[in-house]
Amino acid sequence: MRVFLYLLAIVLANVITASFNPLILGIFIIPYGSFLIGATFILRDLVQNKYGKKKTYLFIGLALLLSAISSYLLGDTLWIVFASAVSFAVSETTDTEIYSRMKTSISMRILYSGVVGGILDSTIFVIVGLSPLGAGFVPWDAVWMAILGQIMIKVVMQILGVLVLQFTNFTKEQSAN
């Protein structure tokens with residue numbers, strides 16, 4: 001079920017982003033799919049917790065393929081698909097490695113690895129995909145607003161996810177195993 005939810009969240013993030021104009025929150029530009037991308041880092045950690053790092057990399061590869069296909073089928077340009085794939089590969093790999101190397105509670109590993117992954121995902125995607133360097137959808141003077149908007153949402157999702165996991169005692173049960 002964890003793997004299915006992880007893969008579904010990635011595809012749904014693409015569908016939601018393609019279907020709705022970004023949320024403008026003050027000066028910040030936030031694609032609605034960012035809410036789900038924040039959750040995918042948590043789901044990926046839960047997949048890794050159950051299946052281990054080696055199998056998780058296989059699931060990341062499958063998720064990358066599904067993301068690229070769904071993004072392209074939803075009408076994204078090849079440049080956006082490329083930027084999404086690069087940011088996804090870097091952020092998910094970084095999240096995986098941080099999560100597996102930290103020697104602390106599951107909650108802190110999920111939080112820290114997801115925050116770092118979210119920062120990388122947001123920064124790489126906006127600069128490579130959306131800025132004038134990429135597709136040119138976001139002018140240079142608005143790039144920082146797009147990056148920070150996505151980071152804010154992804155960090156909030158990490159915090160909420162960790163709180164939910166703690167509330168449901170998931171992390172305590174997993175620590176005992």
Side-chain angles (χ1 to χ4, degrees), residues 1-20 22-23 30-102 106-107 109-126 128-130 150-151 153-166 168 170-171 173-174 177:
M1 187 64 148
R2 294 174 195 200
V3 173
F4 174 75
L5 290 175
Y6 170 64
L7 298 173
L8 180 65
I10 289 166
V11 172
L12 283 177
N14 285 335
V15 171
I16 291 168
T17 298
S19 300
F20 299 98
L23 171 67
I30 307 163
Y32 281 101
S34 296
F35 290 91
L36 277 175
I37 296 301
T40 64
F41 290 112
I42 297 166
L43 293 168
R44 199 226 36 83
D45 290 337
L46 297 177
V47 166
Q48 183 176 345
N49 205 44
K50 181 167 178 89
Y51 296 102
K53 188 164 67 167
K54 188 175 180 179
K55 284 185 181 176
T56 297
Y57 274 114
L58 294 174
F59 296 130
I60 290 171
L62 178 58
L64 178 62
L65 183 63
L66 289 173
S67 178
I69 290 169
S70 64
S71 181
Y72 181 74
L73 291 176
L74 289 163
D76 285 334
T77 66
L78 288 178
W79 191 257
I80 295 296
V81 173
F82 169 75
S84 178
V86 169
S87 64
F88 184 87
V90 170
S91 63
E92 290 287 326
T93 299
T94 302
D95 184 295
T96 300
E97 292 302 320
I98 290 172
Y99 180 83
S100 63
R101 294 172 191 225
M102 285 186 71
I106 292 172
S107 294
R109 290 169 29 204
I110 288 172
L111 181 64
Y112 186 71
S113 66
V115 167
V116 173
I119 290 169
L120 287 171
D121 184 63
S122 301
T123 304
I124 293 168
F125 181 71
V126 171
V128 174
L130 302 179
Q150 287 188 36
I151 289 172
I153 294 305
K154 291 171 187 173
V155 168
V156 166
M157 293 304 295
Q158 289 303 126
I159 293 168
L160 289 174
V162 166
L163 291 174
V164 166
L165 290 175
Q166 286 183 333
T168 61
F170 177 86
T171 55
E173 293 170 13
Q174 292 298 314
N177 293 338

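Only heavy atoms go into these numbers, but all of them, side chains included; no hydrogens, no water, no symmetry mates.
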**OP:** Under the side chain to side chain contact (heavy atoms under 4.5 Å, CB included) rule, collect the residues that match up with L5, sequence neighbours excluded.
**Re:** M1, L43

Original post:
Roughly how far apart are L165 CG and L160 CG, rounded to 0.5 Å?
Top reply: 11.0 Å

Original post:
Does the side chain of L8 come within less than 4.5 Å of V11's, by heavy atoms?
Top reply: no

Subject >> Selection residues 32-44 - residue pairs positive for salt bridge (Lys or Arg N to Asp or Glu O under 4.0 Å), sequence neighbours left out >> reply: R44-E92, R44-D95

Subject >> Nearest atoms (heavy-atom pairs only) where I10 meets A63 >> reply: CD1-CB, 3.4 Å

Original post:
Would you say R109 and I98 make side-chain contact, with heavy atoms under 4.5 Å?
Top reply: no

Subject >> Nearest heavy-atom neighbours spanning S107 and Q166 >> reply: OG-NE2, 3.2 Å

Subject >> Non-hydrogen atoms of L74 and A18 that approach each other most closely >> reply: CB-CB, 3.9 Å

Original post:
CD of Q48 to CD1 of I110: how many Å apart, nearest 0.5 Å?
Top reply: 10.0 Å

**OP:** Go through the structure and list residues passing ring-ring contact (aromatic ring centres under 6.0 Å, His included) with F35, not counting sequence neighbours.
**Re:** none

**OP:** Heavy atoms only: give me the nearest G38-Q158 pair and the separation to one decimal.
**Re:** O-OE1, 2.7 Å

Original post:
According to the side chain to side chain donor-acceptor pair (under 3.5 Å) rule, which pairs have a member within residues 76-86, sequence neighbours left out?
Top reply: S71-D76

Original post:
Can you list the residues that meet the side chain to side chain contact (heavy atoms under 4.5 Å, CB included) rule with L64, with sequence neighbours excluded?
Top reply: A85, F88

Original post:
CG/L111 to CD1/I159 distance, rounded to the nearest 0.5 angstrom?
Top reply: 6.0 Å

Subject >> Point-to-point distance, once rounded to the nearest 0.5 Å, from CG of L78 to OH of Y72 >> reply: 5.5 Å

**OP:** Quick one: do F41 and S91 satisfy side chain to side chain contact (heavy atoms under 4.5 Å, CB included)? Show the steps, please.
**Re:** CA-CA 9 Å; F41 290 112; S91 63; 3.8 Å; yes

Original post:
For S70, what residues pass the side-chain hydrogen bond (donor to acceptor under 3.5 Å, both in side chains) criterion, not counting sequence neighbours?
Top reply: N14

**OP:** To the nearest 0.5 Å, tell me how far Y32 OH sits from I30 CD1.
**Re:** 8.5 Å

**OP:** Return the set of residues passing side-chain hydrogen bond (donor to acceptor under 3.5 Å, both in side chains) with S87 (not counting sequence neighbours), or none when no residue passes.
**Re:** D121

Subject >> Residues which pass side chain to side chain contact (heavy atoms under 4.5 Å, CB included) with L58, listed by chain and number, not counting sequence neighbours >> reply: none

Subject >> For Y57, side-chain hydrogen bond (donor to acceptor under 3.5 Å, both in side chains) partners two or more places apart >> reply: E97

**OP:** Under the ring-ring contact (aromatic ring centres under 6.0 Å, His included) rule, collect the residues that match up with Y51, sequence neighbours excluded.
**Re:** F59

**OP:** Quick one: list whatever passes salt bridge (charged side-chain N to carboxylate O under 4.0 Å, His left out) with K55, sequence neighbours left out.
**Re:** none

Subject >> side-chain hydrogen bond (donor to acceptor under 3.5 Å, both in side chains) involving S34 - partner list, sequence neighbours excluded >> reply: none

**OP:** With rounding to the nearest 0.5 Å, note down the distance linking OG1 in T56 to CG in N49.
**Re:** 9.0 Å

Original post:
Does the side chain to side chain contact (heavy atoms under 4.5 Å, CB included) test come out yes or no for K154 and S122, once each step is laid out?
Top reply: CA-CA 9 Å; K154 291 171 187 173; S122 301; 3.0 Å; yes

Original post:
Do D45 and T96 touch side chain to side chain, with heavy atoms closer than 4.5 Å?
Top reply: no

Original post:
Do Q150 and P31 have side-chain heavy atoms sitting under 4.5 Å apart?
Top reply: yes

Original post:
Is there side-chain contact between V3 and L62, with heavy atoms separated by less than 4.5 Å?
Top reply: no

Original post:
Are the side chain of T40 and the backbone N or O of I37 linked by a donor-acceptor pair below 3.5 Å?
Top reply: yes

